[in-house]
Protein chains: 2
Amino acid sequence: MDLLDRDGLTEREFLERYQPGDYERPSVAADMVIFTVTDAEADSYRKLPEKELRVLLIRRGGHPFLGKWALPGGFVRPDETTEQAAARELREETGVEDVYLEQLYTFSDVGRDPRTWVMSCSYMALINSDQVKLQAGDDAADAAWFKVTYRLMRESKELTGDGYIKTLQYELKLISEDAELTAVVEKTITVKPSSTATAYAVVSNDGLAFDHAKMIALAIERLRGKVNYTDIALHLMPGLFTLTELQQVYEVILDKELLKAAFRRKVADLVTETDHYTENAGHRPSRLFRRKMEE
Amino acid sequence: MDLLDRDGLTEREFLERYQPGDYERPSVAADMVIFTVTDAEADSYRKLPEKELRVLLIRRGGHPFLGKWALPGGFVRPDETTEQAAARELREETGVEDVYLEQLYTFSDVGRDPRTWVMSCSYMALINSDQVKLQAGDDAADAAWFKVTYRLMRESKELTGDGYIKTLQYELKLISEDAELTAVVEKTITVKPSSTATAYAVVSNDGLAFDHAKMIALAIERLRGKVNYTDIALHLMPGLFTLTELQQVYEVILDKELLKAAFRRKVADLVTETDHYTENAGHRPSRLFRRKMEE
DNA sequence: AAAATAGTGTCTTTCAGACAGTATTTG
DNA sequence: CAAATACTGTCTGAAAGACACTATTTT
């Protein structure tokens, strides 16, 4: 192919002479919502421990948002994709290598970073409690796992002339051993005859940096959506697990109780049974399952 | 809040003195997959016309990819979000203002643009045939609507030691009045005990610029996925439409025939019936419906 | 009447919700 | 035996698949 452009150049000539213009360019960061599930303290050793959904946050050691908690992340380098940058941050922060990683959304609101023009491509990572143990040797001293809850608090609908605006307010709560953060995220759905638009806004925010409350909210919504029709939740499970544990994970993600019989029917084709059982549990042993790797 | 950082600065002082470093930054473009549905020519005026799913492409007038077809798009400016940039491009290209717009994915492969470091945040827009008429006055002379088909051609699965790799090859065909483009997009799903990764690659590509074959493939997959559990397809319909037309749109998106009775039951709560009917159709008139704006 | 599309009725199958019942282990 | 969890059986009702049937218009 040797097409010539208006200046009579071939593509090779064009590229050899190409000089990037000096118009403004944004910095692009990759930020990660890293989820895991851990056992809460049980009242008695005969009772099963409850499961908690947790997110990793890092306390900011410099301006802006000094002292606030932020998602792990960093700037993308010219020789890597946003996904590679996310995986690199994940490795640096947690030592974990082989995890489920999914791009969520690219945030580009003007002024979202008070320093300069910064976009953020956000990712969701799911790691299981086996892998989390490796978290010891991280460089950011002020990293902590926060228990997450995300709950619809208020719902309203306003009719406009030719459509309506639905407003949903969610309370996002993040609780660690020594900090408790709360944010309210508002989801606004504007329905008009020829369009539907959804926008997120942070209404109040106590302790989270940047627009990271929005990112966490979006991640939870994605997780909740996918749990119902994929095997995504299995990435939060250790190698061997009981169906009751799996059900607890679904319940903590969806923030709602499920019926045992129906749940077992539903996940039957996502798991493979093994010949192992739990031991010394203070009650009847439970069969252990693995994630199904065929099909 | 007047916390001081290690240099003893308040946040305000820090920001006043902040100088962006001179590390490399990418350009960020917003590219759009604009879908619409139009009637194909009918054999006889007594037969219903078939529906076609179409995408807007623009022939490149300069290097790189001179003469190839590309998605409409452009660079994001510092005073706008990627979404605003997408909406701006859409307006410039088609004159259309009020449409369904959804962020798809941010592409950042190294070398995806041969000139320089460019990421692209891709969007999907759905516009209806009423709105498309406005397309006359566009600046890019070489814009054309292409009929799209996207079909699974080959499927294979290879077992690895502890998991498997599934490879799906899709043929993407784009046909306009005077051009026919074909690309093969390969979707690779790598399943390992603690992760699942999906990657897209363009295996062959005849006539599309950049990685735009991947973007279109991703857009179609998103559209197909959402059609089943949202009212997204209604954004492709004009103000009044028959249920048969709506079914045709579902069928052309999903590339599969649906059963009439079941379809009507399924969409019943997405539409509102009107008192209008089609006229002079050469057969029994059909009731016209609108998109349901309540609930 | 023929051609064409519009629209409905209903049987079957599948699957989720609901709930009760049985089974197994430890203290 | 009591406490605790594990696991199964089955009824019901909602929704999707399948297919046949009726209805209405134009030529």
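Below, read A as the first sequence line, B as the second, and so on, with proteins coming before strands; counting in each chain starts at 1.
For the OP1/OP2 pair of C:dG7 and a distance below 4.0 Å, the side-chain nitrogens and oxygens of B:Arg264 include at least one atom meeting the criterion. Taking side-chain N and O atoms only, A:Ser286 has a distance below 4.0 Å to OP1 or OP2 of D:dA6.
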What do the steps show when you test A:Thr38 against A:Arg54 for side-chain hydrogen bond (donor to acceptor under 3.5 Å, both in side chains), and what is the final call? CA-CA 7 Å; A:Thr38 54; A:Arg54 290 177 176 244; 2.7 Å; yes
Practice problem: Take B:Leu90 and B:Ile34 through the side chain to side chain contact (heavy atoms under 4.5 Å, CB included) test and state the conclusion after the steps. | Solution: CA-CA 8 Å; B:Leu90 184 64; B:Ile34 309 173; 3.3 Å; yes
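Nearest heavy-atom pair, B:Arg46 versus B:Gly282, reported as atom, atom and distance to 0.1 Å: NH2-O, 3.1 Å. When every heavy atom of B:Phe35 is checked against every heavy atom of B:Met124, the shortest pair comes out as CE1-SD, 3.8 Å.
With sequence neighbours left out, B:Lys157 forms a salt bridge (charged side-chain N to carboxylate O under 4.0 Å, His left out) with no residue at all. A:Glu171 is linked by a salt bridge (charged side-chain N to carboxylate O under 4.0 Å, His left out) to A:Lys173, counting only residues two or more places apart in sequence or in another chain.
Near-neighbour residues of DNA chain D inside residues 241-263 of chain A, defined by a heavy atom below 4.0 Å, number-ordered: A:Thr244, A:Lys260, A:Ala261.
The ring of A:Tyr250 has its center closer than 6.0 angstrom to the ring center of A:Phe263.
Note on B:Arg287: only backbone sugar-phosphate atoms sit closer than 4.0 angstrom, heavy atoms only; bases stay farther off.
Evaluation of the side chain to side chain donor-acceptor pair (under 3.5 Å) test over residues 216-237 of chain B, restricted to residues two or more places apart or in two chains, returns A:Thr196-B:His235, B:Glu102-B:Arg222, B:Glu102-B:Lys226, B:Tyr150-B:Glu221, B:Lys187-B:Glu221, B:Tyr200-B:Glu221, B:Asp231-B:Arg291.
If you check C:dA18, D:dT5, C:dT5 against the side chain of A:Arg265, the one that comes closest is C:dA18.
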Tabulate atom names and distances for all N/O pairs under 3.5 angstrom spanning the protein and nucleotides 24-27 of chain D.
residue	atom	partner	partner atom	Å
D:dT24	O4'	B:Arg284	NE	3.3
D:dT26	O2	B:Arg46	NH2	3.1
D:dT27	OP1	B:Tyr45	OH	2.7

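B:Asp98 and A:Lys192 are joined by a salt bridge, as a carboxylate oxygen and a charged side-chain nitrogen come within less than 4.0 angstrom of each other.
Inter-axis angle, ends of the helix from C:dA1-D:dT27 to C:dG27-D:dC1, five pairs per end, rounded to 10 degrees: 10°.
With a 6.0 Å radius and a threshold of 12 heavy atoms from other residues, nucleotides or ligands, A:Lys147 has its NZ atom at or below the threshold.
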